[in-house]
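Heads up: the structure comes next, in structure tokens.
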Amino acid sequence: MSRRSEPAVLARESAVPWGGTGGGPVWGRGGSRPRRASGDLPRAAARGVPGGPLNARDRDEPSGPLNARDRDMPGTHPDARDRDVLAVDDLLDRVREDGADDAVGLRFLPALDRLLHALDTEADLHAQGRAAARSTLVAALLKQQQMIRLLRDRPEIALNDIRAPIFVTGLPGSGAAMLHNVLAEHPALDAPTLAELHDPAGRPTTIRQRRAALDRAANVARDAALATAGRGSGLLLGPTRPGGCHRLLGNAFHDMAATLSWRVPGYAAWLETADMTEAYAFHRAQIQALTWRIPASRPVLRDSFHARHLKQLLRVYPDAKVIQVHRDPADTVAACAGIATALRERTAHRVRPAGAEWADRVERHLVASERARLDVPRGRLLDLRFDDLVADPAGQVRAVLAFAGVTATPMFDRVVTTFVAGTAREARRSRPFQPAEFDLSRRELHSRYAVYRARYGV
């Protein structure tokens, strides 16, 4: 039970009935990180809806990506509003209109500028699509600014240790989300919810604020799930279910998930080779803020595209362990193309075929991931096959727990089996995306990815 005076509205949602010392850089500062004793509120009991109302623009638009800080200042467009150009200065003006008069403290603006340029010149957005993109990115700026203020006002957050986090990664459709949700059921592990990740700096003080934050996250989950309804994607989305931590990278405009929402090949090409260290440092600062507000057990986090950035990830989280889920690339390419097509139909004048785009992008991702793992210390990375997870969920999850140094129990084995069986039943009612829908041949994809398939047995 929460020790706070008001009752917590948001408890972590379970899909089944329940009968490290850190290190690494501190965002915005150099040097080592001091240690802090853990807090007195167990996260599972004290988990509340994050964040009071951020601003009028933080509604139910799908979360967009957000990026980085490796140039000086972005270009400007003085007449951006007259021509409806997506420009950094225009977004900063809108941030100030929402009462944030110190917008000059914002970071990662060069990355934002790259994304805006790609949206303006490549995404073929219609008027509503431009408005939605603008609203999404303004909301991200406001969240970043709220986090900067929180870190400035409460410097003790930087003392909050994130000990031995577990990162789950795997392309969309790989089963990584299912594993993430399963691990969140273990009492020694904690996966931040979608509601928390949607507003990492929020500090609700009333029941009304908590409910409002929960409603915002529910709208995000509903919007994303509706886009691919009946296709087997988004089955585990919910405001109080584990969320993807790409949202935190999105607040730094370094989120590859943006390339699903919008056709932005120029931005994607830049992001594929960008140094993610500062973005991951900001990611860590946001996790510190979340676990400072509601102290937690060992965190479990997930993003579809961590695998290509393992060097930077482990630089910021030096004691992290990573589990990568592998599946036949023909299935993951189809899932990516299907999700991208469904999301882009909402914002673009004309949706270009996404099959070849994602076949190329997945190939580059897998090659980059293989290179990245060469620098990973022994014992820090575990590979898991989707087929094995479905065939023997309890055994595979026991192997994951052993790898992570977490104790498995017979009761948890039953929870895992029940969860995976229920998810599989739901998936069988859906019609999964197929390569042929996107002018791709499964046979040709198998040939294209033959080396990867042989290495991981998929």
Can you see which heavy atom on [X] is nearest to which on [Y], and at what distance?
X	Y	value
P192	L290	CB-CD1, 4.3 Å
H246	A257	CD2-CB, 3.8 Å
A289	P200	CB-O, 4.1 Å
R385	Y456	CD-O, 3.0 Å
A176	V168	O-CG1, 3.6 Å
V88	L109	CG2-O, 4.2 Å

Taking [X] for the side chain and [Y] for the main chain, is one N or O donor matched with an acceptor at less than 3.5 Å?
X	Y	result
T277	Q312	no
R298	I166	no
K143	H198	yes
R107	I148	no
K321	F403	yes
S135	A131	no
T332	P329	yes
N160	Q288	yes

Between [X] and [Y] (salt bridge meaning N to carboxylate O under 4.0 Å), is one present in this structure?
X	Y	result
R247	D255	no
E357	R352	no
D215	R211	no

Flag side-chain contact, heavy atom, 4.5 Å: [X] against [Y]:
X	Y	answer
L271	M256	yes
L314	P377	yes
F282	F108	yes
D375	L310	no
Q286	N251	yes
E272	R361	yes
L119	L137	yes
V362	L366	yes

The single option from E370, E363, H326 passing side chain to side chain donor-acceptor pair (under 3.5 Å) against Y452: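 The option that passes is H326.
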Can you tell me how far [atom2] of [Y] sits from [atom1] of [X], rounded to the nearest 0.5 angstrom?
X	Y	atom1	atom2	result
E156	L151	CD	CG	10.0 Å
Q209	D199	CD	CG	10.5 Å
H309	L249	NE2	CG	8.5 Å
T291	D161	OG1	CG	9.5 Å
W292	L159	CH2	CG	11.5 Å
D124	R130	CG	CZ	9.0 Å

Results of salt bridge (charged side-chain N to carboxylate O under 4.0 Å, His left out) for [X] - residues two or more places apart only:
X	answer
D360	R448
D383	R373
E444	none
R442	D328, D331

Side chain to side chain donor-acceptor pair (under 3.5 Å) assessment of N219 paired with R222: CA-CA 5 Å; N219 287 336; R222 187 180 308 112; 2.6 Å; yes
Steps toward side-chain contact (heavy atoms from CB on, under 4.5 Å) verdict (L179, L183): CA-CA 6 Å; L179 177 62; L183 294 176; 4.1 Å; yes
Over 12 non-hydrogen atoms of neighbours within 6.0 angstrom of CZ in R208: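 Not buried by this count: 12 neighbours or fewer within 6.0 Å.
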Contacts of [X] that satisfy side chain to side chain donor-acceptor pair (under 3.5 Å) - sequence neighbours left out:
X	value
H126	none
N181	R241
R380	none
E437	R231

Among D303, L301, L197, side-chain contact (heavy atoms from CB on, under 4.5 Å) partner for L248: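 Of the listed options, the one satisfying the test is L197.
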Who are the side-chain contact (heavy atoms from CB on, under 4.5 Å) partners of [X], not counting sequence neighbours?
X	result
R378	none
H365	L171, F305, A307, R308, S369
T228	S233, I339, A342, F433
A356	none

Working for side-chain contact (heavy atoms from CB on, under 4.5 Å), residues I294 and E196: CA-CA 10 Å; I294 311 170; E196 292 167 353; 4.1 Å; yes
Derivation and outcome, side-chain contact (heavy atoms from CB on, under 4.5 Å), residues T423 and L236: CA-CA 8 Å; T423 303; L236 299 173; 4.1 Å; yes
Evaluation steps, side-chain contact (heavy atoms from CB on, under 4.5 Å), between C245 and H306: CA-CA 10 Å; C245 64; H306 281 320; 3.3 Å; yes
